[in-house]
Enquirer: 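Sharing a structure here in structure tokens format.
Ligands are counted one by one from 1 in listed order, and the atoms in each one are counted from 1 as well.
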Amino acid sequence: MTDVFLSIGSNIGDREEYLRNALIRLSENSVIIEKVSPIYETEPVGYKDQGKFLNAVVKVKTELKPHELLKVVNSVEKELKRERTVRWGPRTIDIDILLYGDLVVDDDDLKIPHERMWERAFVLIPLNDIAPYMTKDGEKLSCLIEMLPDKEDVKLLKRDWYKVV
Ligand SMILES: Nc1ncnc2c1ncn2[C@@H]1O[C@H](COP(=O)(O)OP(=O)(O)OP(=O)(O)O)[C@@H](O)[C@H]1O
Ligand SMILES: Nc1nc2c(c(=O)[nH]1)N=C(CO)CN2
């Protein structure tokens, strides 16, 4: 089974509960949760006129192929009442596929690695917590994070918030 990394985020309602619920629903749909980062509270990136996000990154294992996984991700977002309004706008839940093993996907509806992940402190900081061995072009995550202008906008909120079974 392939190692996959997902980013999850929420900035509407009971944000922590949405994150927890997303993992429960993923695990009911052929996605095995292996490792969960702490939750960070983060300033919104892109569209600024919205509340702070809670963000985390999870390592999962799955037999699902990338597009099958995207379908599951989209259906969980739908179940959790994610509505698309403005680009990068507020949402109950957002689930992005960051990495799927070493695979590269360049389709209209799916890009892996996620196109914007390497410039997002709200992704790289939690990713570094659960996969500090990871590199991009020989550069360690900690070095990439050091170079991000908005790294101070990502604040540790809570560890051990989801029990991996
Ligand atoms: N790696 C990926 N993970 C999830 N969705 C992806 C990915 N690559 C492309 N997409 C496509 O992006 C579409 C829009 O996703 P979404 O509305 O969640 O974007 P966003 O979260 O607002 O912005 P961003 O993509 O910058 O995180 C999805 O329906 C999906 O088809
Ligand atoms: N802090 C933060 N900002 C964002 C986020 C997010 O999860 N956290 N998601 C976005 C679209 O995917 C756009 N901006």
Enquirer: Has L70 got any heavy atom lying under 4.0 angstrom from an atom of ligand 1?
Expert: yes

Enquirer: For the pair E119 and R116, evaluate side-chain contact (heavy atoms from CB on, under 4.5 Å) and give the outcome as yes or no after the intermediate values.
Expert: CA-CA 6 Å; E119 68 217 32; R116 286 163 286 285; 3.5 Å; yes

Enquirer: Do the charged groups of E17 and R20 touch, with an N to O distance under 4.0 Å?
Expert: yes

Enquirer: Would one find an N or O of E77, backbone or side chain, under 3.5 Å from an N or O of ligand 1?
Expert: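 No - when backbone and side-chain N and O of E77 are compared with those of ligand 1, no distance drops under 3.5 Å.
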
Enquirer: Classify the contact between R120 and ligand 1 as side chain, backbone, both or neither, using a heavy-atom distance cut-off of under 4.0 Å.
Expert: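 It is the side chain that gets close, since no backbone atom is under 4.0 Å.
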
Enquirer: Does the side chain of D94 pick up a donor-acceptor pair with the side chain of Y18 at under 3.5 Å?
Expert: no

Enquirer: Measure the CE-CG distance between M117 and L98 for me, rounded to the nearest 0.5 Å.
Expert: 5.0 Å

Enquirer: I would like to know whether R25 and N21 meet side chain to side chain donor-acceptor pair (under 3.5 Å); could you show each step before the answer?
Expert: CA-CA 6 Å; R25 283 165 197 253; N21 235 310; 3.2 Å; yes

Enquirer: Against heavy atoms of L110, which atoms of ligand 1 measure under 4.0 Å?
Expert: 1 (N), 2 (C), 7 (C), 8 (N), 9 (C)

Enquirer: Any sub-3.5 Å donor-acceptor pair from R15's side-chain atoms to K52's backbone N or O?
Expert: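 Looks like yes, one N/O pair under 3.5 Å.
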
Enquirer: What do we get for D94 next to ligand 1 when only non-hydrogen atoms under 4.0 Å count, side chain, backbone, both or neither?
Expert: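 It is the side chain that touches ligand 1; the backbone stays farther off.
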
Enquirer: Could you tell me whether ligand 1 has any atom less than 4.0 Å away from a heavy atom of M117?
Expert: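 The answer is no: ligand 1 sits nowhere under 4.0 Å from a heavy atom of M117.
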
Enquirer: Salt bridge (charged side-chain N to carboxylate O under 4.0 Å, His left out), that's the test. Do K61 and E34 meet it? Break it down for me.
Expert: CA-CA 7 Å; K61 272 204 157 63; E34 281 232 311; 3.5 Å; yes

Enquirer: Report all N/O contacts between ligand 2 and the protein shorter than 3.5 Å as a table of atom names and distances to 0.1 Å; if there are none, say 'none'.
Expert:
unit_1: ligand 2; atom_1: 1 (N); unit_2: T42; atom_2: OG1; d: 2.7
unit_1: ligand 2; atom_1: 1 (N); unit_2: E43; atom_2: O; d: 2.8
unit_1: ligand 2; atom_1: 3 (N); unit_2: V45; atom_2: N; d: 3.0
unit_1: ligand 2; atom_1: 7 (O); unit_2: N55; atom_2: ND2; d: 2.8
unit_1: ligand 2; atom_1: 8 (N); unit_2: N55; atom_2: OD1; d: 2.9
unit_1: ligand 2; atom_1: 12 (O); unit_2: D94; atom_2: OD2; d: 2.9
unit_1: ligand 2; atom_1: 14 (N); unit_2: V45; atom_2: O; d: 2.7

Enquirer: Going by heavy atoms, is R91 under 4.0 Å from ligand 1?
Expert: yes

Enquirer: Go through it in stages, so that I can follow the logic: the residues are I145 and N128, the test is side-chain contact (heavy atoms from CB on, under 4.5 Å), and I'd like the CA-CA distance, side-chain angles, deciding distance and then a yes or no.
Expert: CA-CA 9 Å; I145 292 165; N128 187 46; 3.7 Å; yes

Enquirer: If you measure every N or O of I97 against every N or O of ligand 1, does any of those distances drop under 3.5 Å?
Expert: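 By distance alone, the answer is yes.
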
Enquirer: Are Y162 and I33 close enough that some pair of their side-chain heavy atoms sits under 4.5 Å apart?
Expert: yes

Enquirer: Could you tell me which atoms of ligand 1, counted from 1 in the order shown, lie closer than 4.0 angstrom to a heavy atom of D109?
Expert: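 Matching atoms, with element in brackets: 9 (C), 10 (N), 11 (C), 30 (C), 31 (O).
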
Enquirer: Any nitrogen or oxygen of N74, main chain or side chain, under 3.5 Å from a nitrogen or oxygen of ligand 1?
Expert: no

Enquirer: Out of curiosity, does V58 fall in the hydrophobic cluster containing I112 (side-chain heavy atoms, cut-off under 4.5 Å, transitive links)?
Expert: yes

Enquirer: Please check this pair: side chain of K151 against backbone of E146, looking for a donor-acceptor N/O pair closer than 3.5 Å.
Expert: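 Checking the backbone N and O of E146 against the side chain of K151, a donor-acceptor pair under 3.5 Å is found.
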
